Amino acid sequence: MSDSLPAGAPASDFIREAVKADLASGRFSSVRTRFPPEPNGWLHIGHTKAFTIDFGVAQDFGGVCNLRFDDTNPEKEDQSYVDAIKRDIRWLGFEWGQNEFYASDYYEYLYDLAVKLIRKGKAYVDDLSDEETREYRGTAVPDKNNITHTPPGRNSPWRERSVEENLDLFARMRAGEFADGAKTLRAKIDMAHPNLVMRDPVMYRIRREPHYRTGDAWCIYPMYDFQHPLSDAKEGITHSLCSLEYEIHRPLYDWFIRECDVFPSRQIEFARLNITHTVLSKRWLLRLVKDKVVRGWDDPRMPTLAGLRRRGYTPEAVRDFLSRIGIAKTDSMVDVQLLEHCLREDLNRRAPRVMAVLRPLPLILENWPEGQVDWLDAVNNPEDPGAGTRKIPFSGRLLIERDDFMETPPPKYFRLYPGNSVRLRYGFIVTCTGFDKDPATGQVTAVRCTYNPDTRGGNAPDNSKVRGTIHWLSEAHAVPIEARLYERLFPSERPMDVPPGVDWISTVDPKSEEIVPGAMGEPALAGVKPGDFYQFERLGYFCCDPDGAGGKPVFNRSVSLKDSWAKIEKKNA
RNA sequence: UCCCCGGUUGUGUAAUGGUAGCACGGCAGACUCUGGAUCUGCUUGUGGGGGUUCAAAUCCUCCCUGGGGAACCA
């Protein structure tokens, strides 16, 4: 790779420091990393941090990153997850080429290494049940004063079986001679070890469960602690980057590599990503889906990549976010506003502008020539002159946002109210002369204005200061759309911290999705395709949802514009 | 309780014995045909005590505090 770090280049985080040092010391001569998802769920934004580090570190040092499916638990895994995971990684912009691997392809290799350990007297077949195993390990128990003690573990009565017997038993485990759970293969390390994961960890268990790739070929499956370091070694992974929770497993990782005498991969741990107002755990996300709190795994409010994509997040925005949050070992909670900022920044640069009215209120121009339509120029993107202009129709009967008119305005309100003038964006300056009201409901049904013919295009003649500019549509030309306004799923900054007795799912904001069926848009929106994104002027960024395909277009609000009026309103309240 | 790892401003992250910086958020202002964007300024920070040193966020030590581990899951 051409963009590898020059020898003297500064590393930008502690992992790259370590990699650089390993290269300098000769511990490794090149870099190979891996991203090892288990195909048992959809990728979420927390995973993007992990695989951006995995792929990014490899890339920075001219190395390679393998994609390896860590599929050693047949009960949970499925091909559909494999496909979804690959799709999502590619969406973010990473490619692994030929380097796609499966831990399930290593079963024979792993079996051989297990045999090797048995021969060395470093592994044995144990007959303890799972419950007994736990108890023998010395699990912590509170005493009568409620002080917890961690007793040393006790050796299993089967710990001293002969090598021959272990070899025979292990072969028969594989052959299917024993019931599920009847026996395990365990590493023989130290039942008194202060680190509980070192107390003779289980290497293999018996489970008659068809695997999505190996079918019924195996009834014994390797455990993570045994399988992972050896899979890394098989692929020549130099730096096995993972989250902090595996830190305590590192001595075991190193033990298996040493005892099996294989390639000395190095594990380095970093803090996983947490985001405010969000949950990032497969279990919690699954429940949101199962309880139908959301539309599915790809609901625009979900932090899954599929959800973010449907919401209108761009890969560029997500990658920018990732580059800003940094990498460290401190448990952190990143403000969701940083993510939103990154999206706004990207879309501000790229999204075509268009006018749409969420809650239309008719505006009648009393002095507009009957039946006349004027086609005006509108800028497609003020941030990008190359985006050009378009023609938009203007007429005597318009639609404006209901919020942009008030019968009796509060202080600092400078949109439309009787006697006040506003600019209709790219249109004319208009002055409110009155309004119609439904006597029965008291609701305003139309606003009446006169327009100033000298202000065509929105240009104010000298000295005529107009504070407000509002968006509008020509009623006869407007196309109906559906808008879906999204807010954070959880009002609480830390949804997982709920008081005892409270079910976290009850804290979901029922108004996190608001459907606005009667919205209207300018003619350009008639031909949109799912995935198209726009800025609706003054409202926010919207992305066309697949739901509207073929019929009335549906737009998801990806993120609103910063709204300083909302702030003023809040202050007044 | 034991074992492991952390604690830099509201949040995240730099500073690798030598000026505590950057970003987001928040606040104030400027500007503006999106109350957008942009720009400017401000924003109570090295958890605490001792020690080493000319000099400590950084090294040592004790304490405080947060997270993780104790699955035949990964």
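Source: prediction; values computed, not measured. Letters go in sequence order (proteins before strands), and every chain restarts at 1.
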Query raised in the report: If the C1' atom of B:rU61 is compared with that of B:rU52, how far apart are they to the nearest Å?
Result: 11 Å
Query raised in the report: Just checking A:Pro201: base, sugar-phosphate only, or nothing, at a heavy-atom cut-off of under 4.0 Å?
Result: nothing
Query raised in the report: How many Å lie between CD1 on A:Ile275 and P on B:rU13, as a whole number?
Result: 13 Å
Report task. Identify the heavy atoms of A:Val82 and A:Tyr102 that sit nearest to each other, and give their distance. Result -> CG1-OH, 3.6 Å
Requested in this report: Assign each of A:Asp127 and A:Gly468 to its nearest nucleotide of RNA chain B by heavy atoms, then name whichever residue's nucleotide is nearer the 5' end.
Outcome: A:Gly468
Query - Near-ring test A:Phe555/A:Phe536, centroid separation under 6.0 angstrom - result: yes
Requested in this report: Describe the nucleic acid contact of A:Thr330 in one word from base, sugar-phosphate, nothing, applying a heavy-atom distance below 4.0 Å.
Outcome: sugar-phosphate
N/O to N/O distances under 3.5 Å, protein versus nucleotides 23-32 of chain B:
| unit_1 | atom_1 | unit_2 | atom_2 | d |
| --- | --- | --- | --- | --- |
| B:rA23 | O2' | A:Arg324 | NH1 | 3.2 |
| B:rG25 | OP1 | A:Lys562 | NZ | 3.4 |
| B:rG25 | O3' | A:Gln337 | OE1 | 3.4 |
| B:rC27 | OP2 | A:Lys567 | NZ | 3.1 |
| B:rA28 | OP1 | A:Lys571 | NZ | 3.1 |

Query raised in the report: B:rC59 and B:rA70: how far apart are their P atoms, nearest whole angstrom?
Result: 30 Å
**Report entry** B:rG21 versus B:rA15 - spacing of their P atoms, nearest Å
**Finding:** 14 Å
Query raised in the report: Which part of the nucleic acid, if any, lies within contact of A:Pro382, taking any heavy atom under 4.0 Å across all strands shown: a base, the sugar-phosphate backbone alone, or nothing?
Result: base
**Report entry** Atom-to-atom span, CD1 of A:Ile248 to C1' of B:rG68 - whole angstrom
**Finding:** 7 Å
Query raised in the report: Which listed nucleotide (B:rG12, B:rG36, B:rU34) is nearest to the side chain of A:Ser564?
Result: B:rG36
**Report entry** 5' precedence on RNA chain B between A:Tyr246 and A:Leu196 (nearest-nucleotide basis)
**Finding:** A:Leu196
Query raised in the report: So what does A:Glu383 hit on the nucleic acid, given a heavy-atom distance under 4.0 Å: a base, only sugar-phosphate, or nothing?
Result: base
Query raised in the report: Could you state the CD-P distance from A:Glu247 to B:rC5, rounded to the nearest angstrom?
Result: 6 Å
**Report entry** Ring centers of A:Tyr212, A:Tyr81 separated by less than 6.0 Å
**Finding:** no
Requested in this report: Starting at atom CG of A:Leu539, determine the distance to atom P of B:rG35, rounded to an integer number of angstrom.
Outcome: 10 Å
Report task. Using a 4.0 Å heavy-atom cut-off across all strands, classify A:Asn73 as base, sugar-phosphate, or nothing. Result -> sugar-phosphate
Report task. Using a strict cut-off of less than 4.0 Å between a Lys/Arg side-chain nitrogen and an Asp/Glu carboxylate oxygen, indicate whether A:Lys234 and A:Asp105 qualify as a salt bridge. Result -> no
Query raised in the report: Out of B:rA14, B:rG68, B:rC72, which nucleotide sits closest to the side chain of A:Glu245?
Result: B:rG68
Requested in this report: For A:Leu424, answer base if it contacts any base atom (sugar-phosphate contacts may also be present), sugar-phosphate if it contacts only those atoms, and nothing otherwise; contact means non-hydrogen atoms under 4.0 Å.
Outcome: nothing
Query raised in the report: Are A:Asp54 and A:Thr33 close enough that a side-chain donor and a side-chain acceptor fall under 3.5 Å?
Result: no
Query raised in the report: With rounding to whole Å, what would you report as the distance between B:rC3 and B:rC63 at their P atoms?
Result: 13 Å
Requested in this report: Could you check whether A:Tyr221 gets within reach of a base, just the sugar-phosphate, or nothing at all, counting any heavy atom under 4.0 Å?
Outcome: nothing
Report task. Ignoring backbone atoms, test whether A:Thr133 places a side-chain nitrogen or oxygen under 4.0 Å from the OP1 or OP2 oxygen of B:rA71. Result -> no
Query raised in the report: A:Arg415 near the nucleic acid: base, sugar-phosphate alone, or nothing, with a heavy-atom cut-off under 4.0 Å?
Result: base
Query raised in the report: When you check the phosphate oxygens OP1 and OP2 of B:rC72, does a side-chain N or O of A:Ser129 lie under 4.0 Å from one of them?
Result: no
Query raised in the report: NA contact type, A:Asn40, heavy-atom cut-off 4.0 Å: base, sugar-phosphate, or nothing?
Result: nothing
**Report entry** Basic-acidic side-chain contact under 4.0 Å: A:Lys188, A:Asp200
**Finding:** no
Report task. Take atom CG of A:Asn195 and atom P of B:rC5, then tell me their distance rounded to the nearest Å. Result -> 10 Å
Report task. Could you tell me whether A:Tyr204 contacts a base, only the sugar-phosphate backbone, or nothing, with contacts defined as non-hydrogen atoms closer than 4.0 Å? Result -> nothing
Query raised in the report: Given atom CG of A:Asn348 and atom P of B:rA37, what is their separation to the nearest angstrom?
Result: 8 Å
Query - Atom-pair distance (CE on A:Met333; P on B:rG66), nearest Å - result: 16 Å
Query raised in the report: Taking the same atom, C1', in B:rA56 and in B:rG17, what whole-Å distance lies between them?
Result: 6 Å
Report task. Could you tell me whether the side chains of A:Asp335 and A:Gln337 share a donor-acceptor contact shorter than 3.5 Å? Result -> yes
Query raised in the report: OH of A:Tyr253 versus C1' of B:rA74: gap in Å, rounded?
Result: 14 Å
Query raised in the report: With sugar-phosphate meaning primed atoms plus P, OP1 and OP2, does A:His193 contact a base, only sugar-phosphate, or nothing at under 4.0 Å between heavy atoms?
Result: nothing
Query - Carboxylate-amine/guanidinium contact A:Glu401 A:Arg538, below 4.0 Å - result: no
Report task. For A:Phe69, report the nucleic acid contact type (base, sugar-phosphate, nothing); a contact means any heavy atom under 4.0 Å. Result -> nothing
Query raised in the report: Any donor-acceptor pair under 3.5 Å linking the side chain of A:Thr52 with the backbone of A:Lys49?
Result: no
**Report entry** P-based separation of B:rG66 from B:rG47 [nearest Å]
**Finding:** 15 Å
Requested in this report: Tell me what A:Glu75 touches on the nucleic acid: a base, only sugar-phosphate, or nothing, going by heavy atoms under 4.0 Å.
Outcome: nothing
Query raised in the report: Centroid-to-centroid, A:Phe542 to A:Phe533, below 6.0 Å?
Result: no
Report summary line: Testing B:rC2, B:rG36, B:rC72 for proximity to the side chain of A:Arg353, the answer is B:rG36
Report task. Would you indicate which nucleotide in B:rG67, B:rG35, B:rA74 comes nearest to any side-chain atom of A:His249? Result -> B:rA74
Query - Close aromatic pair by centroid cut-off 6.0 Å: A:Phe256 and A:Phe226 - result: yes
Query raised in the report: Within less than 4.0 Å of OP1 or OP2 of B:rG69, is there a side-chain N or O belonging to A:Arg137?
Result: no
Requested in this report: With C1' as the reference atom in both, quote the distance from B:rG7 to B:rG12 in angstrom, rounded to an integer.
Outcome: 14 Å
Query raised in the report: What distance, rounded to whole Å, do you find between the two P atoms, one in B:rG25 and one in B:rU16?
Result: 28 Å
